[in-house]
Amino acid sequence: MSLTPIGAPRQKITTASLREKKLRHEPITCLTAYDYAAARLIDEAGIDIVLVGDSLAMTMLGHENTLSVTVDEMLHHLKAVRRGVKNALLAVDMPFGAFHVNPEASVANAIRFVKEGGAEVVKIEGGEKRADLIRRVIDAEIPVAGHIGLTPQSVNAMGGYKVQGKSLNGIEQLMRDAVALDHAGVAFLVLEGIPREVAAMITQEVSTPTIGIGAGPECDGQVLVFHDLVNLSFHSPAKFVRHYGDVAAEITQAVQAFRADVAARQYPADAESYHLPKETAQALETVLERKRAVRR
Ligand code: KIV
């Protein structure tokens, strides 16, 4: 498989092109983004799916978990990301509470993400029990991504962040979840925190592309939280995280260098300062000279 060179013209990624990639066994790439700058760089680097994840509760807002982030906060970040994304498929998480009250309110929230935020896909956490709701949202012409396994919005119900599908019962439940969401018509299915062997079975079984995070290499694609990828997360990384850069170290180094330069009056230099036009400088000098003469 050849990678499109960075900066080369690219085709817009759609839910249909993801399915084609699965059929061609071409790995699908997905990263989270929460702001314009990162979204733009990620999109220009050729990533297929940009996800405004509810992980922004932690990465951008400093919360303990994803539970407190609201629809309005998600929309605020989605709008910024929308302005940075051209070719990637833009997906957004429906946050905790946005699809739990009743189907009408859930569809209304999904519509806000499309209408106000420009999302192309909304992601809904949960397995077979969410299948009917997912159908309702798809009926409203909104593509939906599923998310099963270790679903962070269920942290209290699960009693912590635990790898799912380690027992035979657990595997059966995950297979039922995956098949139910596949039949409901999800555009892609995120598999989080499940054994590699189970993710491989699901990927074989379903027609929708699977995107893994902590689910091994046999998934149709992989997703990482952008802040984990570049080491900007302030917590010890999960087993599956690979740091592809060290932005925390870069920022610390830059900030310390700025602080030292200001302290030593090394910043700004003359070349980094604005200057008066020659005539104004001369006129000013004349005025000052007159004032000095009056004082003498
Ligand atoms: O919120 C998020 O970042 C996610 C990804 C980890 C899949 O749901």
Side-chain angles (χ1 to χ4, degrees), residues 18 28-35 38-39 42 47-71 73-78 80-81 85 88-99 110 113 117 119-127 130 134 143-155 158 161-164 174 177-178 181 186-194 199 202-203 208-216 219-235 237-244:
L18 295 184
I28 297 166
T29 51
C30 175
L31 283 175
T32 65
Y34 319 105
D35 61 70
I42 290 168
I47 293 294
D48 296 308
I49 307 169
V50 171
L51 169 69
V52 182
D54 59 356
S55 49
L56 72 80
M58 288 105 92
T59 56
M60 300 301 287
L61 306 178
H63 292 296
E64 271 283 290
N65 55 43
T66 60
L67 299 181
S68 54
V69 73
T70 65
V71 169
E73 286 170 331
M74 293 296 297
L75 269 168
H76 175 77
H77 288 269
L78 172 62
V81 170
V85 170
L89 184 72
L90 179 56
V92 64
D93 258 323
M94 298 270 285
F96 179 65
F99 57 95
F113 284 122
E120 294 162 298
V121 175
V122 299
K123 178 161 79 60
I124 292 179
E125 287 190 12
R130 301 285 171 223
I134 287 174
V144 177
H147 184 161
I148 61 171
L150 192 172
T151 44
Q153 291 175 13
S154 319
V155 58
M158 287 185 312
Y161 296 108
K162 293 184 182 143
V163 173
Q164 302 293 299
L174 277 176
D177 289 338
L181 298 192
V186 288
F188 61 90
L189 180 59
V190 173
L191 304 178
E192 177 163 358
I194 66 176
I202 292 173
T203 300
T208 195
T210 61
I211 311 291
I213 173 158
C219 299
D220 297 308
Q222 298 292 330
V223 55
L224 276 179
V225 167
F226 176 71
H227 286 54
D228 287 342
L229 179 96
V230 298
N231 189 23
L232 203 49
S233 293
F234 302 99
H235 57 69
K239 180 178 185 178
F240 57 81
V241 168
R242 190 182 293 178
H243 290 147
Y244 284 87

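Remember, predicted model here, so these are calculated numbers, not experimental data. First listed ligand is number 1; within each ligand, the first listed atom is number 1. We're numbering straight along the sequence, starting at 1.
Partners of Val69 according to the side chain to side chain contact (heavy atoms under 4.5 Å, CB included) rule, which considers only residues two or more places apart in sequence or in another chain, are Asp54, Leu56, Ala57, Leu61, Glu73, Met74, Pro95. Remark: Phe113 pairs with no residue by the ring pair (Phe, Tyr, Trp, His ring centres under 6.0 Å) rule, at least two apart or across chains.
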What are the atom names and distances for all N or O pairs under 3.5 Å between ligand 1 and the protein?
| from | atom 1 | to | atom 2 | distance (Å) |
| --- | --- | --- | --- | --- |
| ligand 1 | 1 (O) | Asp54 | N | 3.2 |
| ligand 1 | 1 (O) | Asp54 | OD1 | 2.9 |
| ligand 1 | 1 (O) | Ser55 | N | 3.1 |
| ligand 1 | 1 (O) | Ser55 | OG | 3.3 |
| ligand 1 | 1 (O) | Asp93 | OD2 | 3.0 |
| ligand 1 | 3 (O) | Ser55 | OG | 2.5 |
| ligand 1 | 8 (O) | Asp93 | OD2 | 3.4 |
| ligand 1 | 8 (O) | Lys123 | NZ | 2.8 |

Donor-acceptor pairs are to be reported for all side-chain atoms of residues 222-231 against protein atoms at under 3.5 Å, with residues two or more places apart or in another chain.
| from | atom 1 | to | atom 2 | distance (Å) |
| --- | --- | --- | --- | --- |
| Gln222 | NE2 | Gly216 | O | 2.9 |
| Asp228 | OD1 | Ser233 | OG | 2.5 |
| Asn231 | ND2 | Asp246 | OD1 | 2.9 |

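A side-chain donor-acceptor contact under 3.5 Å links Asp220 to the backbone of Thr210.
Side-chain contact between Ser68 and Phe96 is absent, with no heavy atoms from C-beta onward closer than 4.5 Å.
For His243, the NE2 atom is densely surrounded, since the number of other residues' heavy atoms within 6.0 Å is greater than 12.
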